[in-house]
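Basis for what follows: all heavy atoms, side chains included, without hydrogens, waters or symmetry-related copies. Indexing begins at 1, ligand by ligand and atom by atom, following the structure's order.
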Amino acid sequence: MKKVELYDTTLRDGSQTEGISFSVNDKVRIAKKLDELGIHYIEGGWPGSNPKDKEFFKQMQKTHLKNALLVAFGSTRRAGIKASQDKNLKEIAGSKVKAVTIFGKTWDFHVTDVLKTSLEENLNMISDSISFLKSNGLKVFYDAEHFFDAYKANPEYALKTLAAAASSGAEVLILCDTNGGTLTDELVGIIEEVKARIKAPLGIHTHNDLDLAVANSIAAVDSGCIQVQGTFNGLGERCGNANLCTIIGILATKMDMESIPKSKLKDLTQVSYFISEISNVKHDDNQPFVGHSAFAHKAGVHIDAMIKDPKSYEHIDPHLVGNRRRFLVSELAGKTPIVLKAKEMELELDKKSPKAKKFLKLLQDLEHKGYQFEAADGSFEILMKKAFKKYKKFFDLEGFKVMVEKRKDDRVFSEATIRLKVKNKEHYSAAEGDGPVNALDNALRKALKEFYPNLMNMHLSDFKVRVLDAEAGTAAKVRVLIESQDETDSWTTVGVHENIIEASWQALVDSVEYKLLKDQSPKR
Ligand SMILES: [Zn+2]
């Protein structure tokens, strides 16, 4: 079986994502997670130029990695000085890492117009920097920045930079599509020409500006690149980097190539969720292999075919990558998905039974009132368990009060108080929030956390409100959809009422109950 090295750059390229900022502790947790999954190289950042990264490398000295090698990142030395005088290179050499990736200029125009030095000096900068780091006992990878654009502009010079890196001891030369604008056939053509002239092992680093980062990486592997660089969930600036989740999925299930160990493939979805959670972003539902919707089936005819054979609308078995098949339920789809859903929850339900009919009727009534379960899998599961008496209450609400106050200075305050009974004991709590729903959420969890501490590991990741058409003579209802997320999963819950706070409350309670149910029976 052919082997491909995976090089993760989530901690550097990924931290460039708009809206994402990793703390040192976040970075340590991500590194450990990637190590457990079996990623070969984890790029930690720039120990030379960034105090947070320097602290990270210090912390990592105390952390034992089982599989991965931690890699520092830096640029070639500055023009006109010795490598041993370069502050950043000295920091890297002193950071106690065993491997480093150095990036250098490949594109002649970048050398003369951005770096403002001679083409010759740039070649010296590449070889000096690599030689210096090698002489300090480091394994060195070389990132050829803007390689494909550089090659198109001046192929001879681009090849000279690679030759300089190879002859000074770089172990892998990584061809970077830094601007992400290269088409796949162009990229493959250039790699073939490089292979004819340069004998060192090659790697690939692509950005996703054409939505081709994964395709380009896979094509590069096909052309003989032995190392693939990318980020989890495709994080990265602009349109992101090559998504390692998809790449790992493709290598394992479509190309029979070894990357992470086979036994770890089933952890892929969970690691992807973990990284979204730490990044504090909503996990992308449509992500191949690991997305919440990647194996979700909605249309009735699809579902019928799926029951006969899952192959009919799935390219792989979702369990291979730790994901799961979902049937989206709506009144339109009839009884079949309900029966399937019941099976998923280990509830016995015959399609023709009066129980099934009764439940379908309940569903139709609720949908008529404005509930929608197709998107709200969490609420649906709770509804079903309640209907089939498979549900034990976690708490009873005695009442809540929400207050919003606007003051003269334009500031707005929200506070919620809540009374509830847990295990026959009454509890009262009050909390503030950014808005009334947030205050209610805080108060609810404050009241419950003593009994159910795991509620602190979830949070609301999305909140949607829709006004439903009012029937003549009645006030318009609103439908609230709340999406929640923890480190392994995401789920959506729904509430409907004329009062937006009540609608939110319904969705909020379902969300909390779903989390409690889910943690009670972990294997789902
Ligand atoms: Zn990059």
>> For N/O/S atoms only: which one belongs to His207 and is nearest the Zn ion (ligand 1)?
In response: NE2

>> Quick one about Asn442 and Glu432 (side-chain donor to acceptor, distance below 3.5 Å, no hydrogens or angles considered), yes or no?
In response: no

> Can you check side chain to side chain contact (heavy atoms under 4.5 Å, CB included) on Phe289 and Thr269, steps first, answer last?
Replying inline: CA-CA 7 Å; Phe289 294 102; Thr269 300; over 6 Å; no

> For the Zn ion (ligand 1), does an N/O/S atom of Cys176 lie at less than 2.8 Å?
Replying inline: no

> Within 45° of the axis and under 6.0 Å from the centre of the six-membered ring of Phe274, does NZ or CZ of Lys33 qualify?
Replying inline: yes

>> Out of the candidates Thr17, Asp209, Asn208, only one should pair with Arg238 under the side-chain hydrogen bond (donor to acceptor under 3.5 Å, both in side chains) rule; please name it.
In response: Asp209

> Name of the Asp13 N, O or S atom nearest the Zn ion (ligand 1)?
Replying inline: OD1

